[in-house]
Amino acid sequence: MRVLVIGGGAREHAICSAVVESGAQLYSFMKNSNPGIKRIAADYFLHDEKDTSKVVEYAVSRKIDMAIIGPEAPEEAGVGNALQESGIKVASPTREAAEIETNKEFMREIMKKYSIPGSVRCEAFSDVAEAMEFVEEMDGVVAIKPIGLTGGKGVRVYGDHFKTLKEAKDYIGEVIEKGIGGQHRVLIEEKLMGEEFTLQAFCDGSTIYPMPAVQDHKRLLPDDRGPNTGGMGSYSHKSGILPFMNSNDYEEAATILQKIVEALRREGREYRGVIYGQFMLTGEGVKVIEINARFGDPEAMNVLPILKTNFVDICMAMVEGNLNRMKIGFERKSTVCKYVVPRGYGTNPVVGAKIEVDEKAIRREGGLLFYASVNEVNRNIYTTTSRSLAMVGIADEIEEAERICERCLKHVRGDVFIRHDIGTEELIKKRITHMEQIRL
Ligand code: AMP
């Protein structure tokens with residue numbers, strides 16, 4: 001079977017590895033020259049991933065049987081729809097189903113319309129004064145969000161990114177005037193307090209199969225300071241549930257995802273592919289922060305390496321609607337993933353800096369390496385504006401996985417930055433204590 005993976009980040013490198021391990025022939029369509037993907041692909045094409053007709057042309061010319069779309073931007077551009085129209089199976093949602101991610105207002109409306117648990121108080125506005133009335137009603141304790149895609153970097157939260165009503169007004173004005181995220185509109189949500197976690201699930205239009213829960217770290221700097229990023233790293237526990245949550249929390253999140261999929265089906269937007277829920281575990285239970293229409297990046301790197309079932313078989317079951325007949329399993333292992341990013345990432349990244357990676361030494365230490373937004377030129381690896389590579393440690397306990405990850409990171413050299421606190425015992429203890437205080 002010939003499988004095409006669209007995208008050239010570390011998430012896609014992990015997807016590509018799972019495709020190859022499943023015994024399929026891998027083809028890649030990506031905008032950057034990812035050395036890890038190039039090495040394992042039967043063939044690849046370097047081009048803008050949102051160029052729908054070029055993706056279709058390439059897929060047809062290589063007689064692709066099934067495609068998997070990694071990032072959200074090509075989904076929004078309708079790459080999945082176009083591939084399906086040319087007779088290729090697609091294990092990712094259509095543009096219409098992916099609106100659950102690409103339009104935050106639509107997501108909140110669906111949750112309200114179908115009374116799905118985990119909803120938050122929120123409203124969307126195209127007028128600054130009206131938006132400010134709502135912000136004041138909420139005493140300024142809000143999250144301000146562009147409606148469309150911003151790569152996880154457009155959200156500003158009271159206390160974290162702004163403190164005064166004046167700052168809130170300025171940002172609301174900026175989002176509406178500049179059309180940040182593609183629309184001259186802004187979504188205002190109540191600020192949620194608690195611990196965040198991710199639950200990803202395979203979905204075939206009606207059945208979902210949830211994977212182990214993961215905690216990502218969006219903020220750039222240690223101790224959750226600095227601006228939001230695409231994600232600096234993540235961890236998971238061998239039990240499938242994170243140390244600060246219990247099985248009821250996990251079930252609540254899975255039920256929410258199931259209900260969203262049912263709602264989308266009733267709206268005529270059948271959802272096939274991986275669905276991703278970003279949740280806040282609060283004193284009042286599990287609340288939805290956002291829904292994504294794909295694997296998370298970094299969260300894909302926590303779950304795919306421990307997947308025991310043939311990944312391509314799962315993708316086929318998602319396409320064909322028979323996930324309920326599959327037996328899916330994950331190894332009972334803990335994982336820690338840390339991203340290596342160019343120095344200055346998030347504000348003024350050093351682009352084109354050389355990174356030296358001793359892959360043999362990393363293998364010897366027992367870690368997994370996934371290349372992200374780098375370019376390989378004449379066997380040298382150079383940074384871009386985005387994250388460079390992800391390192392994953394896998395072991396029985398989180399602490400040991402973290403140590404493996406750190407040992408491997410010593411074999412990466414360059415003008416880079418890493419959030420070393422991710423997955424450490426100290427940070428995890430803080431998460432547990434934080435949650436205990438909230439639940440009091
Ligand atoms: P998003 O792009 O919607 O995932 O938002 C990025 C980050 O902003 C999330 O991972 C949260 O840390 C934070 N955030 C988003 N919405 C809220 C909210 N309603 N309350 C508190 N924090 C939020």
Side-chain angles (χ1 to χ4, degrees), residues 11 71-73 76 98-108 110-112 118-124 131 134-135 137-163 168 171-172 175 180-183 185-200 213-221 223-234 242 244 253 256 260 275-299 339 346 419 422 427 431 434-435 438:
R11 162 184 53 207
E72 57 278 24
E76 187 182 40
E99 241 187 287
I100 200 70
E101 164 166 12
T102 61
N103 183 339
K104 286 182 161 69
E105 186 178 1
F106 169 72
M107 184 273 277
R108 291 299 184 197
I110 286 282
M111 291 196 66
K112 266 185 208 161
S119 292
V120 303
R121 229 186 125 198
C122 62
E123 234 169 281
F134 188 65
V135 172
E137 222 179 283
M138 312 270 275
D139 291 327
V141 187
V142 296
I144 303 169
K145 301 184 171 189
I147 304 290
L149 298 177
T150 55
K153 294 157 206 148
V155 174
R156 300 252 174 108
V157 180
Y158 168 79
D160 296 340
H161 310 105
F162 69 91
K163 297 214 161 53
Y171 188 56
I172 289 170
V175 171
I180 297 177
Q183 279 194 53
R185 210 162 154 74
V186 69
L187 180 68
I188 310 289
E189 294 179 357
E190 69 175 287
K191 177 184 173 175
L192 300 167
M193 250 96 68
E195 278 298 322
E196 279 182 63
F197 69 94
T198 300
L199 187 63
Q200 305 170 102
V214 181
Q215 188 173 46
D216 180 21
H217 299 69
K218 284 248 188 283
R219 308 289 290 276
L220 178 69
L221 303 173
D223 259 335
D224 299 319
R225 290 175 295 110
N228 274 342
T229 68
M232 296 299 290
S234 47
L242 296 161
F244 56 82
I256 291 170
I260 287 175
I275 189 160
Y276 165 117
Q278 180 81 36
F279 298 97
M280 185 77 85
L281 184 52
T282 71
E284 291 83 48
V286 173
K287 305 274 182 189
V288 173
I289 291 181
E290 69 166 350
I291 302 294
N292 290 338
R294 50 175 171 88
F295 272 116
D297 187 351
E299 293 95 327
Y339 251 115
R419 242 192 91 168
I422 294 168
L427 192 58
R431 306 281 192 230
H434 183 212
M435 209 54 237
I438 284 178

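Counting starts at 1 for both ligands and their atoms, in listed order. Here the structure is a predicted model, which is why all the values come from computation and not from measurement.
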Q. Quick one: does Q200's side chain have a donor or acceptor within less than 3.5 Å of a partner on G296's backbone?
A. yes

Q) In the protein, which heavy atom is nearest to atom 5 (O) of ligand 1, and how far is it? A) V155 CG2, 3.4 Å

Q.
Considering non-hydrogen atoms of the protein only, which is the closest contact for atom 22 (N) of ligand 1, and what is the distance?
A. V157 CG2, 3.8 Å

Q) Does the side chain of E196 reach to within under 4.5 Å of the side chain of I289, using non-hydrogen atoms? A) yes

Q) Under 4.5 Å between any side-chain heavy atoms of R108 and V288, yes or no? A) yes

Q: Show which atoms of ligand 1 fall inside a sub-4.0 Å distance from at least one heavy-atom site of K191.
A: 20 (N), 21 (C)

Q: Taking only Lys NZ, Arg NE, NH1 and NH2, and the carboxylate oxygens of Asp or Glu, determine whether K191 and D139 approach each other closer than 4.0 Å.
A: no

Q.
With salt bridge (charged side-chain N to carboxylate O under 4.0 Å, His left out) as the criterion, how do E137 and R121 come out once you've worked through the C-alpha distance, each side chain's angles and the decisive distance to 0.1 Å?
A. CA-CA 11 Å; E137 222 179 283; R121 229 186 125 198; 2.8 Å; yes

Q: Using the side-chain contact (heavy atoms from CB on, under 4.5 Å) rule, take N103 and I147 through it: C-alpha gap first, then chi angles, then the decisive distance, then the call.
A: CA-CA 6 Å; N103 183 339; I147 304 290; 3.2 Å; yes

(Q) Give me the nearest non-hydrogen protein atom to atom 18 (C) of ligand 1 as residue plus atom name, then the distance to 0.1 Å. (A) A143 CB, 3.7 Å

Q: Note the single closest protein heavy atom to atom 4 (O) of ligand 1, along with its residue, its atom name and the distance in Å.
A: E290 OE2, 2.6 Å

Q. K104 and Q183: side-chain contact (heavy atoms from CB on, under 4.5 Å), yes or no, with the steps?
A. CA-CA 11 Å; K104 286 182 161 69; Q183 279 194 53; over 6 Å; no

Q) Which of the atoms of ligand 1 are close to K104, meaning less than 4.0 Å from one of its heavy atoms? A) 3 (O)

Q: Write down the atom of G226, the atom of R219, and the distance for their closest heavy-atom approach.
A: O-NE, 2.6 Å

Q. Looking only at distance, does K218 have an N or O less than 3.5 Å from an N or O of ligand 1?
A. no

Q: Below 4.0 angstrom from a heavy atom of E190, which ligand 1 atoms are there? Numbered from 1 as shown, please.
A: 18 (C), 19 (N), 20 (N)

(Q) At less than 4.0 angstrom from any non-hydrogen atom of N228, what atoms of ligand 1 do you find? (A) 6 (C), 7 (C), 8 (O)

Q) Is the closest N or O pair between Q278 and ligand 1 shorter than 3.5 Å? A) no

Q.
So, regarding L192 and ligand 1 (criterion: nitrogen or oxygen to nitrogen or oxygen, under 3.5 Å), is there a contact or not?
A. yes

Q.
Are any of the N/O atoms on E196, whether in the backbone or the side chain, positioned under 3.5 angstrom from an N/O atom of ligand 1?
A. yes

Q.
Could you tell me if R11 sits above the aromatic ring of F295, with its cationic atom closer than 6.0 Å to the ring centre and no more than 45 degrees from the axis?
A. no

Q. Which of the atoms in ligand 1, numbered in the order shown and given with their element, are less than 4.0 Å from a heavy-atom of K145?
A. 3 (O), 15 (C), 16 (N)

